[in-house]
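What follows is a set of notes on a single structure, which appears directly below.
By convention in this document, chain letters (A, B, ...) are assigned in the order of the sequence lines, proteins followed by strands, and residues within each chain are numbered from 1.
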2 protein chains.
Amino acid sequence: MDEINRSSLKTIAQELNLSISTVSRVVNGTGKISAATRKKVMKALEKHQYVPNQIARSLKTNETMTVGVIVPDIADYFATVIKGVDAVLASKEYSIILVDTNEQPEKEHHYMRLLYEKRIDGLLLATVDPEENKWITEYKKKNIPIVFFDNEPVTSEKCDAVMLDNIKASAMVVNHLAEMGHKNIAIICGERSESTAKERSDGFRIAMKNKRLPVDLALIKEGSFHLESGYQSMVELLNNRKEHPFTAVYATSYKMTCGAIKAMREFNLRYPDDIALVGFDFIDEYGLIEPSITSIIQPVRNIGCVLASRLLESMQNNKKHVEEDVYTVTQTIRLPPELKVGASSNKRI
Amino acid sequence: MDEINRSSLKTIAQELNLSISTVSRVVNGTGKISAATRKKVMKALEKHQYVPNQIARSLKTNETMTVGVIVPDIADYFATVIKGVDAVLASKEYSIILVDTNEQPEKEHHYMRLLYEKRIDGLLLATVDPEENKWITEYKKKNIPIVFFDNEPVTSEKCDAVMLDNIKASAMVVNHLAEMGHKNIAIICGERSESTAKERSDGFRIAMKNKRLPVDLALIKEGSFHLESGYQSMVELLNNRKEHPFTAVYATSYKMTCGAIKAMREFNLRYPDDIALVGFDFIDEYGLIEPSITSIIQPVRNIGCVLASRLLESMQNNKKHVEEDVYTVTQTIRLPPELKVGASSNKRI
DNA sequence: GCTTTTTTAGCAAACGATTGTGTATTTTTC
DNA sequence: GAAAAATACACAATCGTTTGCTAAAAAAGC
C-alpha cells in the first residue's frame, strides 16, 4: 500500500516556495492572487489531493458547520423529519450529528454536553425530559441557537420551536367524527407531562365543547404513547362500555393506534361497523391495512424543513452578533396537520 | 440576558494564576497534580461551567471522536441499523455524523469529501454507487477506516464489510417453500448491480438446484427494489401464469413485497390459498397485516452493533500505526437472517 | 542542615488553518 | 522619469488544546 497521503497548506506551500497564506487564499478564493500563481497552486492542490482541514478552520473561525439533532427514537417518524432537516441543511453545507436517546430523558443532558464539546453551531432538540429547563439554560448562556420540536420546551428561556398544531389536529378529528354522527367519543392519550399529549387531550375537550358534545371523563384515557398503553386503554374503555358507551375512539399516537386495533380484534369488534377509529401518525404508505384507517398525518418532512430553516436563521443572527434581543424574535411555529380519511371512520351513524 | 459564557483553559488558568498546562492536566486527569491545586482548579472549572473544546483537542490529537455514516435512505430499515451503531459508538463517546444520499449515488462522493473535511475517524458506508471504486481509493490512501454494509463494495481495496448472508436467506426461503410442497417458485429481485440483489438471486438459483427444483428463467424477475418494480414484476408473473405456472413467490425487499401484495389483490388472489408469498424485511411489528406474511428478517440492530464494533477495531489499529498489513486483517462478515414464518406460506400443497 | 530524590507546575512548540498588516514589486499617472 | 497607486505576496499572531522537557519546590536520606 502506498504511504498515507495527508497534505496541509504547509505541504503545498513548501513545495511551491510560497507562503501558507497565499495557498490558503487560493483555496478560499479570497484576496488578490495572480493568475499565474493561482494556476500553479491549483495544480499542486490537485496533485496532492488536498482537502482542507475543517477542524483547524473551525478553531479559527469559530464555526463548525455542524448542527446537533437529538431525538428520542430515530426509528420513528423522526426519521422522516430528519430527512427534511438534512435536505435543507446539506444544501448549505452543514452536516448533522445525530443522537438517539432511546427515550431516556436523563441521557439528553449528557449528549448535549458531548455536542457542545464538539462546538456545534446549533441544535435541534426533541426533548422528552420534563425537566430540561434544569440544564438548557447553561447552553443558552453559551449562546448556541436551539430550536425545539415535537414537544414544547418547559424552559423559561426564550426559545424557538416548531410543532404540529395539536389543538387543531384534535379539532379536525372531533369535527369529522361529529359530522359522521358520533356523539360519544373516547380518546386515548399520552402523558400530560409531554406537551404534545397535553395539547391533543386539551384540544379534544375544547373541540367537544365547541360541538356541544358531552365530555365524559371516563372516556379520556391518559397513558404513555406506547402500544401497551394504547391496548390497555382500549381494553378498559371496552370493559366499561355499558356504563360509559361510545361509538368512536381517537388514538393519539401511532403505537397507541396499533394497540387499540389489537384490543378491538381481541374483542371481536370491527371498525367502522362496531366502533369508528381515528388514529395518529398512521401512515400505511402502501395501503396494506384493510379496512384503511382514518388518521391524523403530520407533515413530517415539512416539519424538518421548517426546523432547519428556522435554525439557519438563528445561526445567521448569531454570527452577526445581534446582541440586542430586540432583533432576535423567538417564535413557536405550529404546522397544520392533515386528516386522511379512511374506511375506519367513514360511515355515518 | 447575561453575557455569553465561553471559558477556555486560559480563562481558568489566568484566574488562578496557574499555567494552562496545569489546568489541562486536571481536566484530563493526566500528570501529577497536588490535591490542593486540583481542588482549586475543579472549583473554578465548575464555576465557569467549563466545557473542553473538542475542536482544539482534535486538532492536536488528530482524533475527532466522530464517525460518518452514509446511507441511501434513513427512513428505511437503516434507521434501526443506525440505532445499533449509535448504541455501541455512543458508549465509547463517539458521535455519528449522518448523511442521507436519497439513493443518489453521485452524492456519495461529495458527502464523503465533506466528511473527510471534518476529519471523521471512520466511516460506515452503505453505498449504492456501482462505481464507488473511482473515489474510494483516494480516501483509503488518506488512511481512514471504512466499513461497508448493505452492499458489498466493488472497490479492489481491501475493505471490511458486514452484510446479511443473502445466499443463506434465499436458501432458507426455498427450503421452506419446498418443504411446503412447492415446486415452481418465482422470485422478484432487484438490480444485479447491487450485490444484495445479485446474491439473493444467485442464492435462489443455487438453492433451487440443490433441492432439484426446476429453475424457470421466466420466473426470475429483476427490477429495482421499489414498490412499482415489485408490483410490475408480479403483474407480469401473473399474466404469464399459464405458460409459466408457479405456486409461490419470493419478493426480495420490503417495498417489492408490498408491490407484490398490491398486484395480488388486484388480481383477486389470496395468499396462501392461491399463491404462497414470502417477503423480505417485512416486519409488521404489531401484527396488523392479516393474514400475516412470511418474511426474511434481517438482524438489523445487530448489524448495526457489529458494524460499529468492527469500525472501532479498525480505528484502534489505525491509532497504533499498524503499518504492516499483516496485522490488519480485513474481513467480510455475513450475519445470518431469520425466516419468520407467517400465514402467507404456511400451508402444505 | 545539606544533598539527593521525588513531586508539582510552568514553558513553549506544535496541530492546520485565517486574516490584518506590512512590504517589495509592478503598474499607472502626469 | 519620478511619484503615486495598485498589485501580489509574506509575516506573524491567533484560535484552544496537548505534551515533552525543564525548573522549582517539597520530601527524604544522611
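- Using a 4.5 Å cut-off on side-chain heavy atoms (C-beta onward), A/Met42 and A/Glu46 make no contact.
- Between B/Arg25 and B/Ile33, the closest heavy-atom pair is CB-CD1, 3.9 Å.
- Side-chain atoms of A/Glu108 and A/Thr127 include a donor-acceptor pair closer than 3.5 Å.
- Rounded to whole Å, the distance from CG on B/Leu18 to P on D/dA24 is 17 Å.
- Toward the 5' end of DNA chain C, the nearer of the two residues B/Val23 and A/Thr61, judged by each one's closest nucleotide, is B/Val23.
- Ring orientation note: the planes of A/Tyr139 and A/His109 are nearly perpendicular, at an angle over 60° on the 30°/60° scale.
- Between B/Asn17 and B/Leu59, the one whose closest nucleotide on DNA chain C sits nearer the 5' end is B/Asn17.
- Contact annotation for B/Ile20: base contact, defined as any heavy-atom pair under 4.0 Å involving a base atom.
- Rounded to whole angstrom, the span from the CZ atom of B/Arg6 across to the P atom of D/dT17 amounts to 12 Å.
- Contact of A/Lys60 with D/dT14 (side chain to base): a donor-acceptor pair of N or O atoms is detected under 3.5 Å.
- Summarising the geometry, the separation between CG on B/Asn53 and C1' on C/dC15 is reported as 13 Å, rounded to the nearest angstrom.
- The distance from atom CG of B/Leu9 to atom C1' of C/dA9 is 15 Å, rounded to the nearest whole Å.
- For the pair A/Arg113 and A/Tyr111, the cation-pi criterion (under 6.0 Å, within 45° of the ring axis) is not fulfilled.
- Residue-to-nucleotide contacts include a donor-acceptor pair under 3.5 Å from the side chain of B/Arg25 to the base of D/dG20.
- A close approach under 4.0 Å does occur between a side-chain nitrogen or oxygen of A/Ser19 and OP1 or OP2 of D/dA10.
- Among D/dA10, C/dG16, C/dT8, the nucleotide with an atom closest to any side-chain atom of B/Lys32 is C/dT8.
- Between the CZ atom of B/Arg57 and the C1' atom of C/dA17 there is a distance of 20 Å, given to the nearest Å.
- Proximity note for B/Lys10 (side chain, C-beta onward) versus C/dA17, D/dA10, D/dC15: the nearest is D/dC15.
- Between the P atom of C/dC11 and the CD atom of B/Gln14 lies a distance of 12 Å, rounded to the nearest Å.
- Distance, A/Lys142 NZ to D/dG16 P: 13 Å, rounded to whole Å.
- Contact annotation: A/Asn28 side-chain N/O to C/dT18 OP1/OP2 distance is under 4.0 Å.
- Nearest-nucleotide positions on DNA chain D for A/Ala35 and A/Ser21 put A/Ala35 closer to the 5' end.
- Rounded to an integer number of Å, the gap from A/Ile55 CD1 to D/dC15 C1' is 13 Å.
- Of the residues A/Asn53, A/Leu18, A/Val27, the one that meets the side chain to side chain contact (heavy atoms under 4.5 Å, CB included) test with A/Leu9 is A/Val27.
- Interface remark: the B/Ser58 side chain does not form any donor-acceptor pair with the C/dC15 base, using a distance-only criterion of under 3.5 Å.
- Within the 4.0 angstrom heavy-atom criterion, base atoms lie near A/Ser24.
- Using a 4.0 Å heavy-atom criterion, one finds that A/Asn62 contacts no nucleic acid atom at all.
- The base of D/dC9 is not paired with the side chain of A/Thr37 by any donor and acceptor separated by under 3.5 Å.
- Residue contacts shown for B/Ser34 are limited to sugar-phosphate atoms, with no base heavy atom under 4.0 Å away.
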